[in-house]
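Working notes, beginning with the structure itself.
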Amino acid sequence: MNDLPNRARSISSLRDFLELLEDSGQAITWSDPVMPEPGVRNIAVAASRDANGAPAIVFDNITGYPGKRLAVGVHGSWDNIALLLGRPKGTTIRELFFEIAGRWGDQEAQISVVPEAQAPVHECRIEQDINLYDVLPVYRINEYDGGFYIGKASVASRDPLDPDNFGKQNVGIYRLQIQGPDSFTLMTIPSHDMGRQIMAAEREGVPLKIAVMLGNHPGLAVFAATPIGYEESEYSYASAMMGAPMRLTKSGNGIDILADSEIVIEAELQLGERELEGPFGEFPGSYSGVRKAPIFKVTAVSHRRDPIFENIYIGRGWTEHDTLIGLHTSAPIYAQLRESFPEVTAVNALYQHGLTGIISVKNRMAGFAKTVALRALSTPHGVMYLKNLIMVDADVDPFDLNQVMWALSTRTRADDIIVLPNMPAVPIDPSAVIPGKGHRLIIDATSYLPPDPVGEAHLVTPPTGDEIDALSKRIREMQLGALS
């Protein structure tokens, strides 16, 4: 793997990344007075219209929250993702995908431990009279949300049945609804690591303590949303992918947390207790229903001086949710498929957390692409999320929808379409008749091989490969140079 620029390697916190973004024209400070609702929401939505170049926005004059700071859009554009990876602005999505795929499993994790007394996240600590409304400038992310939601929390937890196993220590992004000054609900599903841990704790009647990290290293925010194995550490993956150490410390309740996070909320699951939460604007662009969710009691809060609360807009795409997790949803599916099928050349699962995915593959034999599609449905992410799969040939760029639509238009026959009914599905899919159950659609838009009837048409095969990629890059650089 190529070494990252020193600037990228020096990122150890949200503040470092915001400084890098600002120096690169990718972060702005909104100092005009702004209402939490609808002002923050409207500005976040307006910024997300530019998926390629939207800046992060820091609000420092929020009506009703004097002295509080809020950041949105930190991962809100492909240019921001490129800078995080040490690549220049204007790097294409395809190039970013192969940058991430090339790093996958390529580096050893680097973990450094910071004593609690020296960790910036512990500069201020609250253990009595805890009031989350005093700590966080909260607001409803969407107009009809059922309450105040935290949408970009990296939640760290230990396996309640194997608490000393570092690999089983989960870090995931979960949405939290604040239910009172010192309590919140956390919604998850059984296939998520947190859902598995909640079920185990309640089944065995053992404690489950968590640490909710807010305003985190931007590399961890990406990997907390990445579907990796249960016994694989998100901290280790984030460190390996960034090529730099993750600075960890202990939370007050004994969990490994980032030493440089802005805020950490320590809490404990209230076994068997549930509280109504919702509705909530979700990533498919629809509201979830009102459901009973596990409730957690806050036991302490630590934060840096003058902390930055980081949140996210989630709703009808395109939003920061899509740029945050899109490529890091695609890369593990790609790696898992290539273990069995090295003919897979790229995976695009950018759309609504992979509810629609596009996979390019070199056909080994007639019908081969359908076999690859079925394997994709059995990957950890595919089990719940991959609803619509479009299979294309290796000469079709799955990140170029013009090429994908050409393949659909010219290579798909009616009998190349498979519908698998009554499959497990993510419960918040708005098309589901029964939440948690739905169809799988496979569209094979690859070329034909014997014994398929080929037909009379001979398709044009334009030049492809590294030379064409290099020429495209040079043309883009010449274009940008002419504008500078």
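Not measured: the values here are computed from a predicted model. Values reported hereafter were calculated over all heavy atoms of this structure, with side chains retained and with hydrogens, waters and symmetry mates removed.
- Here the side chain of Ser360 pairs a donor or acceptor atom with the backbone of Ala346 at under 3.5 angstrom.
- Partners of Glu275 under the salt bridge (Lys or Arg N to Asp or Glu O under 4.0 Å) rule, at least two apart in sequence or in another chain, do not exist in this structure.
- The backbone N or O of Arg140 sits less than 3.5 Å from a side-chain atom of Arg41, completing a donor-acceptor pair.
- Using a 4.5 Å heavy-atom threshold, the side chains of Leu269 and Glu202 count as touching.
- Here the rule is side chain to side chain contact (heavy atoms under 4.5 Å, CB included) with Val372, and of Ile442, Val344, Asn363 only Val344 fits it.
- Contact record, Pro55 with Ala27: CB-N, 3.9 Å, taken as the closest heavy-atom pair.
- The aromatic rings of Phe17 and His75 sit tilted relative to each other, their planes meeting at an angle between 30° and 60°.
- Put simply, the side chain of Ile359 does not reach to within 4.5 Å of the side chain of Tyr334, judged on heavy atoms.
- The only option from Arg175, Gln179, Lys292, Gln177 that meets the side chain to side chain donor-acceptor pair (under 3.5 Å) definition with Thr185 turns out to be Gln179.
- A 6.0 Å sphere centred on NZ of Lys89 holds more than 12 heavy atoms belonging to other residues, nucleotides or ligands.
- Atom NE2 of His321 and atom OG of Ser48 lie 13.0 Å apart (nearest 0.5 Å).
- The shortest distance between side-chain heavy atoms of Ile308 and Leu14 falls below 4.5 Å.
- Summarising the local packing, CG of Asp415 is surrounded by more than 12 heavy atoms from other residues, nucleotides or ligands at distances under 6.0 Å.
- Between Lys370 and Asp452 there is no salt bridge, since none of the side-chain N atoms of the basic residue sits less than 4.0 Å from a carboxylate O of the acidic one.
- The closest side-chain donor-acceptor pair between Asn348 and Ser330, if any, does not fall under 3.5 angstrom.
- Here the CD1 atom belonging to Ile390 is positioned 8.5 Å from the OG1 atom belonging to Thr412, to the nearest 0.5 angstrom.
- The backbone N or O of Ile11 lies less than 3.5 Å from a partner atom in the side chain of His217, making a donor-acceptor pair.
- Side-chain contact between Gln336 and His381: absent, with no pair of heavy atoms (C-beta onward) separated by less than 4.5 Å.
- Between Phe184 and Phe296, the ring planes lie parallel to each other; the angle is under 30°, not in the 30° to 60° tilted range.
- The environment of Trp30 atom CH2 is sparse: at most 12 non-hydrogen atoms of other residues, nucleotides or ligands sit within 6.0 angstrom.
- Across Gly219 and Leu84, no two heavy atoms sit closer than the pair N-CD1, 4.2 Å.
- The heavy-atom pair separating Leu83 from Ser24 by the smallest distance is CD1-CB, 3.7 Å.
- Within the 3.5 Å criterion, the main-chain N or O of Ala54 finds a donor-acceptor partner in the side chain of Ser77.
- Counting heavy atoms from C-beta on, the side chains of Val396 and Arg411 come closer than 4.5 Å.
- Surrounding CE of Met405 are at most 12 heavy atoms belonging to other residues, nucleotides or ligands under 6.0 Å away.
- For Asp397 and Gln403, the side-chain atoms include no donor-acceptor pair closer than 3.5 Å.
- Considering CD1 of Ile178 and CD1 of Ile265, their distance stands at 7.0 Å, rounded to 0.5 Å.
- Each of Tyr144, Tyr174, Phe280 was checked for a ring-ring contact (aromatic ring centres under 6.0 Å, His included) with Tyr149, and the lone residue meeting it is Phe280.
- For the pair Pro294/Arg274, a side-chain contact is recorded, criterion being any heavy-atom separation below 4.5 Å from C-beta on.
- Residues Gln352 and Asp322 are in side-chain contact: their nearest non-hydrogen atoms beyond the backbone lie under 4.5 Å apart.
- Glu320 pairs with exactly one of Val74, Ile325, Asn80, Asn311 by the side chain to side chain contact (heavy atoms under 4.5 Å, CB included) rule, that one being Val74.
- In summary, the side chains of Tyr385 and Asp429 do not present any donor paired with an acceptor at a separation below 3.5 Å, with no hydrogens or angles considered.
- At least one donor-acceptor pair under 3.5 Å links the side chain of Asp145 to the backbone N or O of Asn142.
- Side-chain contact check for Gln169 and Asp256: at least one donor-acceptor pair (N or O, by modelled atom type) lies under 3.5 Å.
- One N or O on the side chain of Arg440 and one on the backbone of Leu386 form a donor-acceptor pair closer than 3.5 Å.
- Of the possible donor and acceptor atoms, one in the side chain of Asp79 sits under 3.5 Å from a partner among the backbone N and O of Gly90.
- No side-chain heavy atom of Leu441 sits under 4.5 Å from any side-chain heavy atom of Lys387.
- Asn165 places no side-chain N or O within 3.5 Å of a backbone atom of Asp162 that could act as its donor or acceptor partner.
- Put simply, the residue from Leu324, Leu176, Ile141, Val72 that forms a side chain to side chain contact (heavy atoms under 4.5 Å, CB included) with Lys152 is Leu324.
- Heavy atoms from other residues, nucleotides or ligands lying under 6.0 Å from CZ of Arg316 number 12 at most.
- No side-chain donor-acceptor contact under 3.5 Å links Glu282 to the backbone of Ile314.
- Asn52 and Trp78 make their closest contact through OD1-CD1, 3.4 Å (heavy atoms, listed as atom of the first residue, atom of the second, distance).
- With hydrogens and angles disregarded, no donor-acceptor distance shorter than 3.5 Å links the side chain of Gln110 to the backbone of Ser239.
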